[in-house]
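Beneath this line is the structure, given in structure tokens, with notes to follow.
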Amino acid sequence: MLVVMRDHASREEIQHVVDLLEEAGAQAHLSGGEVKTIIGVIGDRETVYGLELQGLPGVEEVIRVLKPYKLVSRDFKPEDTVVHVGKHVSVGGGAIAVIAGPCSVESEQQMLEVARSCKAAGATMLRGGAYKPRTSPYAFQGMGVEGLRLLRQAADEVGMPIVTEVLDVRDADTVAEYADVLQVGARNMQNFMMLDELGKMGKPVLLKRGLSATIEEVLSAAEYILKGGNRDVVLCERGIRTFETYTRNTLDLAAVAALKGLTHLPIVVDPSHATGRRELVAVMCRAAIVAGADGVMVEVHPDPEHAKCDGPQSLVPEDFAELMSSLTPLIELQGATLGWE
Ligand code: PEP
Ligand code: MN
């Protein structure tokens, strides 16, 4: 941390800052000339940041040099994290995840049909929401526990692990009984109580980027989960809010490339929610793999016209199979493989 003093700050003002730092166990290194003094601070990050030096007399600016996250950072752990899901699937470190399935679980028939076709096409994990975060309280809210049961049943029939959303921290244990990966939706990315809770659970977490979250905020949210002891976190870029309205959100692929450098955690891309348009999903999946993503998440529905949620962005199984064929050479090009163990 750097404390920049105002021009001509008095000797007493400077000394007061130094005293506070030293009392807190930090070292203060002064540099400067006739006009300006800058104090370089070395010490425990939490203690030093907690000092609130900004408002003190003579202090112009406090500059935080250290990042607000540690455990998720690549400086802390240079090698890629590989997250193992269920018994046979992994993601990260060259293992690519393809997570496919409907926006929401609607019926036994729908889930079985979609699970069979996604598995046959090569998806590694099955998705489906039993608890849905809907903008309107009048929209379909999901089937709840019955949805979890149907999702599990379909996944077991085809031998795939499942990813499903925990919408409320009160449901976390119930969802964990059925799911292999606990999804934190975009709207809950900064639900810190939930992140704390999932940090204590023994299941991998898929953390989706908030609608207007910066890269630093995504990483700080992931830090909560790791700090609780759960190291199995997969990040998900799912588009952010911008002025553009043609697409549902704006897919930030630069964030994927940036995150690969900043963190060791795997990152998957969800072009379904990012674009909201079926015709853009396949091409953005390919772009995601080329940008270095560790996988994609795609909404697939056997009958999108009658889907209870997100039909316009859902692929039919045939289109999903075609997408999978087009991804194979790109995955190879990246020196990666589909994440089956
Ligand atoms: C979802 O994946 O089901 C979902 C609701 O996505 P998001 O939280 O990214 O909007
Ligand atoms: Mn959806």
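FYI, the numbering just counts along the sequence from 1. Only this structure's heavy atoms are used, side chains among them; waters, hydrogens and symmetry mates stay out. Keep in mind it's a predicted model, so treat the numbers as computed, not measured. Remember, it's 1-based here, ligands and their atoms both numbered in the order they're listed.
For the residue pair L112 and A154, the shortest heavy atom distance occurs at CD2-CA, 3.8 Å. Of all heavy-atom pairs between V181 and V205, the closest is CG1-C, 4.1 Å.
When distances from the Mn ion (ligand 2) to the N, O or S atoms of E299 are compared, OE2 comes out shortest. Within H273, the N, O or S atom at minimum distance from the Mn ion (ligand 2) carries the name NE2. The N, O or S atom of D310 lying closest to the Mn ion (ligand 2) is OD2.
At least one donor-acceptor pair under 3.5 Å links the side chain of K132 to the backbone N or O of C103. Using modelled atom types, one side-chain atom of E223 and one backbone atom of K70 make a donor-acceptor pair closer than 3.5 Å.
The protein residues lying under 4.0 angstrom from ligand 1, judged by non-hydrogen atoms, are R127, K132, P133, E165, Q183, G185, A186, R187, K208, R238, H273.
Hydrophobic clustering (side-chain heavy atoms under 4.5 Å, transitive across Ile, Leu, Val, Met, Phe, Trp, Tyr) keeps V175 apart from V105.
With salt bridges taken as basic N to acidic carboxylate O contacts below 4.0 Å, one links D270 and K208.
For Q54, the CD atom counts as densely surrounded, since its 6.0 Å shell holds more than 12 non-hydrogen atoms of other residues, nucleotides or ligands.
Donor-acceptor pairing under 3.5 Å is lacking for the side chains of S90 and H84.
Under 2.8 Å from the Mn ion (ligand 2) lies no N/O/S atom of C309, from backbone or side chain alike.
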